[in-house]
Amino acid sequence: MSLTQFSGGRASTVHTSLPKVTMPALAEMKRQGKPISALTAYDYASARIVDEAGIDLVLVGDSLAMVVLGYETTLPVTVDEMLHHTRAVRRGVSRALVVADMPFGSYHASVHEAVANAARFLKEGGAEAVKIEGPRTELVRALTGAEIPVVGHLGLTPQSVHRMGGYRVQARTADAVRRLRADARALAQAGAGALVLEGISREAAEAITAELEIPTIGIGAGPGCDGQILVFHDLIGLTFAPAAKFVRRYADASALIRSAVEHYREDVEHRTFPSDAESYHLPGAARRSLQMEFDEGEIDEYGAMVNQDALEEWEEFTHS
Ligand code: KIV
């Protein structure tokens, strides 16, 4: 049993003072020229922090396969694993729009199966939209027809790593940019509510952003998109490989966590953790009763600490 509790008051004023973000609200933000902040999250604690910090869109990205589960690509993660994390994120978020990534293989075999899998993210995961990679207009139409809001994803689509021959910047020729623009328009016409643009030139991203009514959310696509998204672990520096050019690290969580864990280990090894103040004490009556049975030396050690606080602390512990 852990006595540590996650629940409690919400920390941020940003969070409580802003209205719930919905899919139509994202389009409205674009119309009003308000930048959309987006970030991935994969568990309750990080999702709650991200939400309380006022981020507009939380993506349960399939990048969790790499940054949380330690796989080399995003391909192995399953629908059930994504659902498990989506539910945890859902519990931590109250304001941001929660979008779940559909994992590789879950929307590729047939439109029928894709709609059924996508519905699980709303029904069982509590997501408010799903994200799919690639120019799949027929699928976007079917999903929106089934009342499942869709975020598209074009450019560097990590689930296509083997086709692309690695994680490379995409649409590097004029023709490729024309195709990308056509794909973006087609996804918007098919009903996508927003579009992630990853790993493309800022020029291409700006052109697409200018001609779409739906918001674009960039990652490695320059500053001209309607919003930006990063992987949570990249932003806080909790990764083990050199960061990509587009990543801005706002913290060094690896160093922070490593140092905390090393200090804890040292304290255990030197027997300086836990201290007496971090220990529970018997209430006075029990202590006095046991005094008859203990050696005097043992009792003296604790004698000075028998007080009302100790009694309340003990009762709290035994009732928890
Ligand atoms: O899985 C993911 O984290 C993503 C974002 C990087 C857009 O798809």
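Quick caveat, the model's predicted, so the values are computed rather than measured. Atoms within each ligand, like the ligands themselves, are counted from 1 in listed order. As a basis for the values below, the full set of heavy atoms in this structure was taken, side chains included, without hydrogen atoms, waters or symmetry mates.
A distance of 9.0 Å separates CD1 of Ile219 from CD of Gln228, quoted to the nearest 0.5 Å. How far CZ of Arg249 is from OG1 of Thr239: 3.5 Å, rounded to the nearest 0.5 Å. The distance from the CG atom of Asp101 to the CD atom of Gln159 is 6.5 Å, given to the nearest 0.5 Å. Atom OG1 in Thr86 sits 8.0 Å away from atom CG in Leu64 (nearest 0.5 Å).
Between Thr40 and ligand 1, a contact under 3.5 Å exists for no N or O pair. Below 3.5 Å of separation, one finds an N or O of Lys131 facing an N or O of ligand 1. Of the N or O atoms in Glu198, none lie within a sub-3.5 Å distance of an N or O in ligand 1.
In Leu64, neither the side chain nor the backbone holds a heavy atom less than 4.0 Å from any atom of ligand 1. With a 4.0 Å heavy-atom cut-off, ligand 1 is reached by no atom of Leu230. Contact annotation: for Asp62 versus ligand 1, heavy atoms closer than 4.0 Å belong to both the backbone and the side chain.
Shortest contact from atom 4 (C) of ligand 1 to any protein heavy atom: Leu59 CD2, 3.6 Å. In terms of protein heavy-atom proximity, atom 6 (C) of ligand 1 is closest to Ile219 CD1, 3.5 Å. Atom 2 (C) of ligand 1 has Ser63 OG, 3.2 Å as its closest protein atom, hydrogens excluded (heavy atom only).
Side-chain atoms of Tyr71 and Thr73 include no donor-acceptor pair closer than 3.5 Å.
At least one heavy atom of His153 lies less than 4.0 angstrom from ligand 1.
A pairwise comparison of heavy atoms in Asn117 and Ser106 identifies ND2-O, 2.8 Å as the closest pair.
Look at Glu124 and Arg90 and you find no salt bridge, because none of the NZ, NE, NH1 or NH2 atoms lies under 4.0 Å from a carboxylate O.
Listed by number with element, the atoms of ligand 1 under 4.0 angstrom from any heavy atom of Gly61 are 1 (O), 2 (C), 3 (O).
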- Message: Using ring-ring contact (aromatic ring centres under 6.0 Å, His included), reason through Tyr264 and Phe273 one step at a time and then give a plain yes or no.
- Response: CA-CA 8 Å; Tyr264 164 71; Phe273 174 82; 5.7 Å; yes
